[in-house]
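Heads up: the structure comes next, in structure tokens.
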Amino acid sequence: MCGIFGVYGVQDAAALTQLGLYSLQHRGQESAGIVAVDDTGQARASRAMGLVSEGFGDDEMALLRGPIAIGHTRYSTAGASAIENAQPILARVRRTHIALAHNGNLTNAVELRRDLEDQGAIFSSTMDSEAIVHRIARAEGRSPEERVANALRGVEGAYCLLVVLDGTVLAARDPHGWRPLVMGRLGDGWVFASESCALDIVGATLDREVQPGEIVAVDALGMRSMQALPAAPINRCVFEHVYFARPDSTVFGGSVDRSRRALGRQLAQECPADGADIVFAVPDSSNSAALGYAEASGIAYELALIRNHYIGRTFIQPTQAGRIAKVKVKYNPVRELLEGKRVVMVDDSIVRGTTTRGLVSLVRAAGAREVHMRVSSAPIISPCYYGIDTPRREELIAAQMTHEELVRHLGVDSLGYLSIDGMLSAMPKEPDGYCHACFSGRYPTDIPSEPELLRAGGAAPATAGMS
Ligand code: AMP
């Protein structure tokens with residue numbers, strides 16, 4: 001999963017992009033990068049592993065001049081976590097440049113890469129996104145948008161793209177619309193971002209979503225829109241609203257805070273916890289849902305778990321013992337609120353179950369008498385091939401255990417998940433326009449024939465590695 005941000009037509013576009021990336025940090029913490037293009041057409045890139053705040057010193061920023069910039073925060077789902085896979089990609093082709101930032105996962109990346117390699121293309125990364133750069137370099141077209149449209153025909157899966165092609169900034173969204181992308185105005189300029197919270201930080205006003213299948217181009221000739229790709233069923237990712245996006249964002253035309261509260265209210269209706277004394281969230285992604293649960297159930301909302309904000313997802317522990325220790329480093333219970341209480345703990349999702357298990361033992365050790373776990377989404381039973389980093393089915397705990405086994409394994413007094421229909425009823429726009437494959441196992445498209453190779457970006461397994 002990743003965050004993308006772009007600016008056209010505002011001086012110091014790179015400085016704005018850096019600000020925008022701060023607001024998209026939650027979408028990826030492995031690496032960050034900016035490509036800027038100055039008034040003479042010179043493109044420069046700066047990329048670094050780690051957080052946005054660590055990546056760009058004054059010296060780097062001073063080099064990134066000009067009125068055009070795109071940026072990227074990365075959380076790897078295809079290709080290893082390594083500097084050669086940091087984006088935006090910047091390629092020099094026929095005396096000009098192609099820069100590209102991608103959010104999503106291509107489902108035919110292995111085939112695309114093989115075809116290009118057979119034609120002599122050389123790849124410098126293991127990212128699926130690099131295949132798109134090669135295709136743009138080879139594509140014909142009377143305009144930049146036509147060229148990108150031609151390059152994208154035959155590319156399958158999830159993508160939101162920001163491309164800079166010879167002085168034109170292009171924004172493209174796949175015809176299924178899995179990932180979010182919005183555009184806004186800043187003076188006479190244009191700003192593009194994965195989420196609207198990144199428009200807010202630069203003072204841009206939200207104009208609209210880039211539509212599924214649409215390519216928007218902005219350059220000296222103005223803004224143009226092209227419904228470039230054949231229409232397809234809409235499959236917005238429900239997990240963006242459940243977990244991934246920030247609650248202060250508008251995603252798929254609706255407020256994430258509003259939908260999370262609705263998820264919480266629906267959860268209280270479907271899975272009540274009669275007689276409980278307090279309800280609390282696993283902060284921060286569940287705060288809004290827990291508020292919704294408290295509101296609908298009438299149970300008092302408390303801040304019974306405190307999160308250390310200096311521990312990010314980069315704090316990776318490969319072993320199970322390490323993961324439990326990680327829970328302790330990240331969360332601490334407020335004993336005074338928990339002692340002797342029957343508590344409802346709300347989280348947005350359970351993936352491997354390690355977080356829940358660790359938290360339940362922390363909460364019990366702090367004196368809770370009963371722990372009732374409530375989850376504001378359905379059980380995750382299938383991997384995602386469209387850009388969310390979910391592990392293989394064997395590691396998804398809800399795919400491996402019955403409800404009773406889960407209750408025992410997690411150590412809870414009761415466990416309640418939201419139904420898929422309940423989850424969809426809380427979403428903005430019509431419920432049948434969402435992808436819920438990770439919850440239902442119903443994939444809206446063909447799934448990759450070689451998923452492990454796909455996770456490695458289609459590169460030979462010897463060079464592959466996932467974070
Ligand atoms: P787990 O310990 O594997 O069950 O992780 C569940 C926790 O991770 C929940 O608190 C979620 O908020 C969070 N989470 C869910 N999906 C993801 C994801 N794709 N990447 C990182 N964290 C996630």
Side-chain angles (χ1 to χ4, degrees), residues 1-3 25-30 73-78 81 103-105 158 178-179 237-247 256 260 263-264 267 280-290 305-309 311-331 345-363 373-401 406 409-412 415 417-418 423 435-439 455 466-467:
M1 187 45 89
C2 303
Q25 189 73 86
H26 61 291
R27 298 184 71 87
Q29 297 101 45
E30 289 178 15
T73 54
R74 178 159 195 260
Y75 184 47
S76 61
T77 47
S81 176
N103 171 210
N105 252 35
W178 270 287
R179 300 281 144 236
C237 170
V238 70
F239 207 61
E240 289 275 352
H241 272 270
V242 165
Y243 165 75
F244 214 77
R246 264 175 47 163
V256 176
R260 285 199 189 148
L263 287 167
L267 182 63
F280 63 91
V282 177
D284 292 317
S285 48
S286 313
N287 293 348
S288 314
L305 264 187
I306 301 303
R307 180 182 156 189
N308 184 332
H309 282 101
I311 306 295
R313 281 183 219 151
T314 41
F315 187 81
I316 292 164
Q317 287 284 350
T319 64
Q320 189 72 356
R323 287 204 188 97
I324 291 172
K326 176 183 159 183
V327 169
K328 266 189 144 168
V329 174
K330 196 166 167 185
Y331 302 102
M345 181 163 87
V346 177
D347 204 351
D348 53 82
S349 55
I350 299 179
V351 184
R352 293 182 178 86
T354 337
T355 308
T356 312
R357 225 175 148 197
L359 285 175
V360 170
S361 58
L362 281 188
V363 165
M373 182 72 199
R374 296 293 178 268
V375 186
S376 62
S377 65
I380 298 180
I381 54 160
S382 306
C384 176
Y385 299 110
Y386 310 113
I388 299 279
D389 183 32
T390 37
R392 293 171 306 128
R393 195 180 304 272
E394 301 79 72
E395 293 175 61
L396 294 170
I397 196 142
Q400 301 303 323
M401 292 188 188
L406 272 173
H409 177 78
L410 298 173
V412 292
L415 170 67
Y417 281 101
L418 199 49
M423 200 170 64
C435 175
H436 43 76
C438 55
F439 300 109
R455 282 169 82 87
M466 271 296 300
S467 62

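These numbers come from the heavy atoms of this one structure, side chains and all, not from hydrogens, waters or symmetry mates. For ligands, and for the atoms within them, numbers begin at 1 and follow the listed sequence.
Between Thr390 and ligand 1 there is no heavy-atom distance shorter than 4.0 Å. At a 4.0 Å cut-off, at least one heavy atom of Ile388 sits close enough to ligand 1 to count as contact.
With atom 3 (O) of ligand 1 as the reference point, the heavy atom nearest to it among Arg357, Glu395, Arg352, His26 is part of Arg352. Taking each of Asp389, Leu410, Val282, Asp347 in turn, the one with a heavy atom nearest to atom 10 (O) of ligand 1 proves to be Asp347. The closest non-hydrogen atom to atom 21 (C) of ligand 1, taken over Phe239, Phe244, Tyr331, Tyr243, comes from Tyr243.
Checked against a 3.5 angstrom limit, the closest N/O atoms of Ile350 and ligand 1 fall outside it.
Arg27 has a carboxylate O that lies under 4.0 Å from a charged side-chain N of Glu240, or vice versa, which qualifies the two as a salt bridge.
With sequence neighbours left out, the side-chain hydrogen bond (donor to acceptor under 3.5 Å, both in side chains) criterion links Arg74 to no other residue.
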Legend entry - Asp348 vs Arg260, side-chain contact (heavy atoms from CB on, under 4.5 Å): CA-CA, chis, key distance, verdict: CA-CA 9 Å; Asp348 53 82; Arg260 285 199 189 148; over 6 Å; no

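Under the 3.5 Å distance criterion, with hydrogens and angles disregarded, a donor-acceptor pair is assigned to the side chains of Asp347 and Ser286.
Distance alone, capped at 3.5 Å, places no donor-acceptor pair between the Thr73 side chain and the Gln29 backbone. The main-chain N or O of Leu410 is never found under 3.5 Å from a side-chain atom of Thr356 such that the two would form a donor-acceptor pair.
The side chain of Asp348, and not its backbone, has at least one atom closer than 4.0 Å to an atom of ligand 1 (non-hydrogen atoms only; side chain from C-beta on). Contact annotation: for Ser285 versus ligand 1, heavy atoms closer than 4.0 Å belong to the side chain alone.
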